[in-house]
Amino acid sequence: MKNRVIAILMALTMVLSLAACGASSKDAGAAAVTGTATAKGFGGDITVTLTVDGGVITAATAEGADETEGVGSVALEKLPAAMMQQNSIEVDTMSGATISSKAILEAAAAALENAGLTVADLKSGAASSADAEDVVYDADVVVVGAGGAGMVSAITAADAGKKVIILESQALVGGNSKLATGGMNAAHTPNQDENEFGEAAGVEKTLEKAKKDYADNEVITSLAETVAQQWAEYQKNPQGYFDSVELMKLDTLVGGKGVNNPALVDALCENSAPAIEWLKSINIDLKQVGAFGGASVKRIHKPVNDEGKTVAVGSYMIPLLQENCTSRGIEILMETTANEILTADGKVTGVVATGKNGETITVNAKAVVLATGGFGYNSEMVVKYAPNLKGFMSTNAPGAMGQGIEMATAIGADTVDMDQIQIHPTVQFDSAALITEGLRGDGAILVNSEGKRFIDEVSTRDVVSAAEIAQPGSYSWLVVDQEMVDNSAVIQGYIKKGFTFTGETVEELAAAIEVDPAALAETMQNWNSYVEQKNDPDFGRTSFTKQLNKAPYYAIKVTAGVHHTMGGLAINAKTEVLNAEGNVIPGLFAAGEVAGGVHGANRLGGNAVADFTVFGHIAGESASAYVG
């Protein structure tokens, strides 16, 4: 009897034990279980929550309030959806949002473990999709690339009454445009008139350089004469802020070492101020004006947030351009890679692309606008044209692979300046994140590992990069103070990402970045005196926005990286693509970094946004006129 009671009790205990384990059981018929975990993302913590029922992921969410809008925020939406669709946490990361993606996957793995499960507990093939089918679309204009130039051209064509489809190879819109941190150059705008003029030395320095280095260049010489006359007249009767279209042309040509196509420079500069107003008409307001490398005057137009702090221009503009596309009914086919331009009777008639599931997508169109960007992310292509750049990191978006150039040359398009590849001097040393040139324009300085300045910080990018590479270790420290931090949401973002070293005093900052405290203190003291005197006897800097004298102080370790490919398809001022004989390829247009000739041997900071806005708009107009 005693043994029977014991047996009954043991059986009852086993039943109760199994019931208690039901919430984390791995059996197909088990109750749903939920797990949550957190991992470090690009901007802050990312939290993933998974619910699994009978071996199937029935719910998946990812939250991260500090992830970049339009980049990490898209990964937060798409990766959990992919997990549910594939019934797996082992999904592909999203190009352009790699750090956010990896954090989501890391948190998902931990969430699954916290639910008492492993990857093996998920049923394979629980969510299957039908075989991909080939698709054919018809449009008036097909735009290849959903970056700045692509969306501007699509909006312009749609406003002209044309049916527009955009193809984008990546899972995110924006391309290199969304990575732009500075602003847009535009000459002689109402925004400039709100600034005090104080760059006389900058104008005179440019005129002196034009006279000294480009005496045999008739275009530059003529522009310099015109600007000299304008400057003399302004000094007699100062009205508003001094800038002119001719001075912007001169800066662009001198900055590009005279290699630029003058007709394209004319189109860029003459349409820059109207482009600022056009952007404002579609709810994109670049109201703040500042100094930038290579510009004689304050010309770069930047966005600000509701608190009046400067924000990155790319992350500001791209979502608004996308909203404008959506409101106009422009269809954007994501993860769709164009690989062939269709032609008939010598005219372009559309494109063929591969969809995200391997299907063939054909878009028949009366006009094609290539806005695929450059090739700065394609290391093999970079080294092909500039072997000296082997091993350099790149600031470019993953889609900048040069496909548009290759597609167009396959049907006879010509290229120009393919060996002209720009490196940017302020790329964060560890992550390859671009650190905006706007900081130098707003007053930051560069010091080397000895705590000393080594160059005019707002000289052209090629000059600053070359000087930086020549320093010990080929890196430098970008130094700002608390006042700059208070006025810039961009710098605050760098701090949040962990890019900065900090010191309550200059000496403490020196200790943090391991440079000689006495040398850095002397450098800072000298710099502040130069700002006060509006004179830099060491390196001839002419932009003196502010002293660096409000503690605490911050420094970011930076080096040079591949940033912009000035070369690309040969176009005319109407953005029509040209063949090797200089003739127009009917129906084919190109705008943005895919096109060459605009920037010559060196692009000025702020001219890329001007480029994609001005030539994107022209491409939309030209394609619409061609369609009729």
Side-chain angles (χ1 to χ4, degrees), residues 181-183 288 290-293 298 300 302 304-305 307-313 424-431 433-459 461 464 467-468 471 475-515 517 519-532 536 538-539 541 543-560 605-606:
T181 53
Q288 188 184 85
F292 234 51
K298 292 180 179 179
I300 191 163
K302 301 180 285 187
V304 296
N305 60 19
E307 299 174 354
K309 295 178 181 178
T310 305
V311 296
V313 67
H424 195 291
T426 55
V427 179
Q428 203 276 329
F429 194 83
D430 300 308
S431 67
L434 179 64
I435 305 300
T436 177
E437 190 173 343
L439 302 192
R440 286 175 281 144
D442 291 340
I445 61 172
L446 293 172
V447 300
N448 61 18
S449 60
E450 298 172 346
K452 300 177 180 179
R453 290 178 66 228
F454 55 88
I455 192 66
D456 169 9
E457 291 85 353
V458 291
S459 186
R461 290 173 176 172
V464 179
E468 181 179 59
Q471 301 309 302
Y475 70 88
S476 64
W477 294 97
L478 183 72
V479 181
V480 302
D481 70 350
Q482 186 62 45
E483 184 179 355
M484 290 187 65
V485 171
D486 291 340
N487 293 328
S488 174
V490 174
I491 305 178
Q492 292 168 19
Y494 297 152
I495 295 172
K496 186 178 293 185
K497 292 180 177 71
F499 292 166
T500 56
F501 292 77
T502 310
E504 290 298 326
T505 65
V506 171
E507 288 76 12
E508 285 187 13
L509 178 64
I513 63 176
E514 299 181 346
V515 305
L520 183 59
E522 182 180 4
T523 295
M524 295 287 279
Q525 183 178 3
N526 287 342
W527 169 249
N528 288 333
S529 69
Y530 298 164
V531 174
E532 184 177 3
D536 175 11
D538 295 334
F539 302 105
R541 179 166 169 169
S543 172
F544 303 101
T545 308
K546 69 176 297 297
Q547 294 179 320
L548 298 174
N549 56 9
K550 183 176 181 180
Y553 301 93
Y554 303 80
I556 302 174
K557 190 176 184 180
V558 294
T559 189

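What you are looking at is a predicted structure, and each value in this text was computed from that prediction instead of being measured.
- To the nearest 0.5 Å, atom CD of residue E507 and atom CE of residue M524 are 9.5 Å apart.
- Under the 4.5 Å side-chain criterion, counting only non-hydrogen atoms from C-beta, F539 is not in contact with E457.
- The side chain to side chain donor-acceptor pair (under 3.5 Å) search around T523 returns none, not counting sequence neighbours.
- Contact detail for N528 and N549: the closest heavy-atom pair is ND2-CB, 4.1 Å.
- Across all their heavy atoms, V311 and A489 have their closest contact at CG1-CB, 4.0 Å.
- With rounding to the nearest 0.5 Å, the separation of CD1 in I556 from CG in D430 is 11.5 Å.
- With hydrogens and angles ignored, the 3.5 Å screen pairs no side-chain donor or acceptor of E508 with any backbone N or O of G503.
- Crowding of K546 atom NZ: a count of heavy atoms from other residues, nucleotides or ligands under 6.0 Å exceeding 12.
- A 4.5 Å side-chain heavy-atom check between F292 and T436 finds at least one atom pair inside the cut-off.
- Comment: D538 does not engage K452 in a salt bridge, judged by the lack of any side-chain N to carboxylate O separation of less than 4.0 angstrom.
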### Stepwise side chain to side chain contact (heavy atoms under 4.5 Å, CB included) check, V558 with L446
CA-CA 9 Å; V558 294; L446 293 172; 4.2 Å; yes

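- The two residues S543 and V458 have their closest heavy-atom pair at CB-CG2, 3.9 Å.
- Counting only heavy atoms from C-beta outward, the side chains of R541 and I445 approach each other to under 4.5 Å.
- Rounded to the nearest 0.5 Å, atoms CZ (R453) and CG (D536) are 4.5 Å apart.
- Taking every heavy atom of both residues into account, F454 and V447 meet most closely at CE2-C, 3.9 Å.
- Here the closest non-hydrogen pair linking G451 and V515 is N-CB, 4.1 Å.
- Evaluation of the side chain to side chain donor-acceptor pair (under 3.5 Å) test over residues 486-503, restricted to residues two or more places apart or in two chains, returns Q482-D486, D486-K550.
- Shown here for W477 and A555, the closest heavy-atom pair between the two residues is CE3-CB, 4.0 Å.
- The side-chain heavy atoms of P425 and E468, taken from C-beta on, include a pair separated by under 4.5 Å.
- Evaluation of the salt bridge (Lys or Arg N to Asp or Glu O under 4.0 Å) rule for K557 yields no partner, not counting sequence neighbours.
- You'll find the side chain of I491 stays beyond 4.5 Å of the side chain of Y554, heavy atoms only.
- With a 4.5 Å cut-off on side-chain heavy atoms, I435 and L478 count as touching.
- At a threshold of 4.5 Å between non-hydrogen side-chain atoms, the residues E437 and V464 do not count as touching.
- Side-chain atoms of Q471 come within 3.5 Å of backbone atoms of A467 as a donor-acceptor pair (strictly under, hydrogens ignored).
- The closest donor-acceptor contact from the side chain of D481 to the backbone of M484 lies under 3.5 Å.
- Of the inter-residue distances, the one linking T505 atom OG1 with L520 atom CG reads 9.5 Å to the nearest 0.5 angstrom.
- At least one side-chain heavy atom of K302 sits under 4.5 Å from a side-chain heavy atom of D442.
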